[in-house]
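Okay, so here's the structure we're looking at.
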Amino acid sequence: MAYDFVTVKDLLAGGEHYQDKNLKLTGWVRTSRTSKNFGFIELNDGSCFKNLQVVFEDTLSNFEEIDKVSIGSSLEIKVTWIKSLGDKQPFELKVDEISINGFASLDNPIQKKRHSFEFLRTISHLRPRTNTYMATFRVRSIVSFAIHKFFQERGFVYVHTPIITSTDAEGAGEMFRVTTLDMNNLPKDGTGAIDYSQELFGKPSFLTVSGQLAVEAFCFAFRNVYTFGPTFRAENSNTARHANEFWMIEPEIAFADLEDDMRLAQDMMKYILNEVMTQAPDELDFFNKFVDTDLLSRLDNAVNSDFATITYTEAIEYLKKSGHQFEYPVEWGENLQTEHERYITEEIFKKPVFVIDYPKEIKAFYMKLNSDNKTVRAMDLLVPGVGEIIGGSQREENYEVLHQKMLATGIIPEDYEWYQDIRKFGSFPHAGFGLGLERAVMYLTGMKNIRDVIPYPRTPNNILF
RNA sequence: UCCGCGAUAGCUCAAUGGUGGAGCAUUCGGCUGUUAACCGAAGGGUUGCAAGUUCGAGUCCUGCUCGCGGAGCCA
């Protein structure tokens, strides 16, 4: 008899279209329960979050074998779709044949019990088979594609900025060094210093900490552009929201100011929220039930309200007036501490908040100076549960002002000649921001640790796989 | 990197300085509709590593390793 292959996703969506059809399913055992003469297997085939339960009886020729099937085993199941006699579910599958493709060893660490995220991190190669991680990584995929869709629909050009760069200290953090030299036998010059001319590139090179500067040059040609790629920071950060390898999205828009930049950021956030809510409702329900019971109401609230905007100066006033006792003092000119940011977005506004116009001393050299000469056109988007998710600014488009700011902040202008150069040939107002993909996924899922939203996370002391 | 907490069975956790236990998982048996199934039994341990104090250390001291939470750096 011929059996047509069908996915669990299609089967669940297909309804009576499949009535009386002979169907073949393939997938993995999530859990099984058996009695003397029959048993249940919950099969997940990767096509969707939901499992499909099949009932098998001792009429199967290999009932003894299936009765003992282990969690994780891969199966091929031939069934006939029949309309359900009861009213609990619309259909039942009459199992004609089950064959085991690969029997999972009994020491499989994934068992039908709750495991801690800490433990599952030690088995990154197995954890995608669990509900939480299957949901997380499907959301990650949907978010990634939604971001491309958002920008492509608006005519943005996707630019692949380099992963290996020669500019040290792009201003965004410690860098990993890329080298072809023999670390046990480093070539030295006459003075005893390392002879970098013997590097493959003829000089020191590093992994990128941001594609922003490189993509700005393309903004000068294509108007609206974006990068979407891996980013590397060598900081010894030990927090739930920092990783040494992560993915970042950096749009750059032409003839635009900070207000345009914030509008773009808000539109993008709402767009990906909508995409995930429509494409992954089962996953979001799961997160709302088991990971973060406020998730759905928080996401609904974000989609249906305008994000708030306050200046840094106003934020300081809000915090001072709040009467809340902070561990770190609130003072104009100081960086907002994490506790301050969380208080603003979680307690005062209870929704995403843009904080803009920061003191120039605490922000990067390329940000446009305000007319007050004290603050710059910077914006951070703070969201409940995660904190800073986006950092952006209007860029300093004036060649001379940019050059002076580099000198004032200790950046060597010669190292960035090409970056200043683009201002010489037809400069104009432009702006952009960086969105941390993992932080977006954390916000959308309620997952609290960045190590749980990257397939194989790289953090200090952790590069297991 | 700093502060705090922790590391005991495959997993999640108990154990007053005095014979290391439970639940889940695994194995075996029972059970005709379960859905983290249920009931009964069995197996399972160099208590993270090293060195101390003590008649005696999972427990106390010191060092180290790793993990978690918070902070800084930021996305």
Side-chain angles (χ1 to χ4, degrees), chain A residues 30-43 50-58 68 70-72 84-86 88-89 92 104-123 126 130-131 170-175 209-212 227 229-250 265 290 326-328 334-342 362-364 380-383 386-392 433-443 448-454 459-462 464:
Chain A
R30 275 300 181 79
T31 173
S32 70
R33 296 172 285 279
T34 56
S35 286
K36 189 178 183 184
N37 302 316
F38 64 93
F40 306 92
I41 289 174
E42 284 196 38
L43 188 80
K50 282 183 173 153
N51 299 330
L52 185 76
Q53 177 173 280
V54 297
V55 188
F56 61 95
E57 307 201 348
D58 59 1
K68 290 184 166 56
S70 57
I71 289 173
S84 179
L85 301 175
K88 266 195 168 179
Q89 53 182 34
E92 282 184 10
S105 172
L106 292 173
D107 56 7
N108 184 354
I110 306 284
Q111 290 299 338
K112 49 178 171 182
K113 71 185 288 291
R114 209 178 162 283
H115 292 290
S116 67
F117 293 154
E118 288 87 345
F119 170 65
L120 291 166
R121 272 173 222 150
T122 68
I123 47 171
L126 300 175
T130 64
N131 286 333
E170 289 177 10
E174 293 296 309
M175 303 179 88
V209 293
S210 165
Q212 180 204 314
T227 71
T231 307
F232 308 88
R233 305 268 168 97
E235 274 102 0
N236 186 12
S237 293
N238 291 284
T239 79
R241 57 190 189 288
H242 290 87
N244 295 301
E245 176 183 299
F246 63 100
W247 285 62
M248 191 155 63
I249 296 92
E250 295 171 293
F290 293 108
F326 293 104
E327 191 182 338
Y328 291 86
E334 296 296 313
N335 249 314
L336 291 178
Q337 301 291 321
T338 296
E339 59 170 345
H340 303 148
E341 295 181 340
R342 300 281 290 252
I362 60 175
K363 287 291 181 184
D380 284 356
L381 178 63
L382 314 177
V383 296
V386 179
E388 182 180 348
I389 197 171
I390 282 176
F433 62 81
L435 166 73
L437 176 66
E438 287 75 18
R439 292 191 182 172
V441 174
M442 289 165 75
Y443 179 59
K448 298 292 185 294
N449 196 309
I450 196 166
R451 299 172 181 92
D452 296 321
V453 301
I454 303 181
T459 52
N461 281 314
N462 175 24
L464 284 174

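Because the structure is a prediction, the values reported are computed rather than measured. Lettering follows sequence order; numbering is per chain, from 1.
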So, under a plain 3.5 Å distance rule, would you say the side chain of [X] forms a donor-acceptor pair with the base of [N]?
X: A:Lys113; N: B:rC11; result: yes
X: A:Asn238; N: B:rU1; result: yes
X: A:Gln53; N: B:rU34; result: yes

Would A:Thr338 and A:Arg241 count as having a side-chain donor-acceptor pair, cut-off 3.5 Å?
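Yes - a donor-acceptor pair under 3.5 Å links their side chains.
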
Candidates B:rA37, B:rC31, B:rG72 - which lies nearest the side chain of A:Lys36:
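Nearest listed nucleotide: B:rC31.
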
Nearest to the side chain of A:Arg451, heavy atoms from C-beta on, is which of B:rA75, B:rG72, B:rG69?
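Nucleotide nearest to A:Arg451's side chain: B:rG69.
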
Using only side-chain N and O atoms of A:Thr31, determine if any of them is under 4.0 Å from OP1 or OP2 of B:rA37.
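Yes, within the criterion.
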
Measuring to OP1 and OP2 of B:rA71, would you say a side-chain N or O of A:Arg241 lies under 4.0 angstrom away?
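For B:rA71, OP1 or OP2 has a side-chain N or O of A:Arg241 closer than 4.0 Å.
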
Where does RNA chain B pair, written as one dot-bracket string 5' to 3', with Watson-Crick or G-U pairs under 3.5 Å, ( ) inside the strand, [ ] for crossing pairs and | for another strand?
(((((((..((((....[..)))).(((((.......))))).....(((.(..]....).))))))))))....

For atom [atom1] of [X] and atom [atom2] of [N], their distance in whole Å:
X: A:Lys112; N: B:rU34; atom1: NZ; atom2: C1'; result: 10 Å
X: A:Ile110; N: B:rG10; atom1: CD1; atom2: P; result: 16 Å
X: A:Glu438; N: B:rA75; atom1: CD; atom2: P; result: 13 Å

Would you mind telling me which residue lines up with the more 5' stretch of RNA chain B, A:Lys448 or A:Gln337, judged by nearest nucleotide?
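Closer to the 5' end of RNA chain B: A:Lys448.
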
Contact class for A:Thr122 vs. all strands (heavy atom < 4.0 Å): base, sugar-phosphate, or nothing?
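The answer is nothing, as A:Thr122 stays clear of every strand by at least 4.0 Å.
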
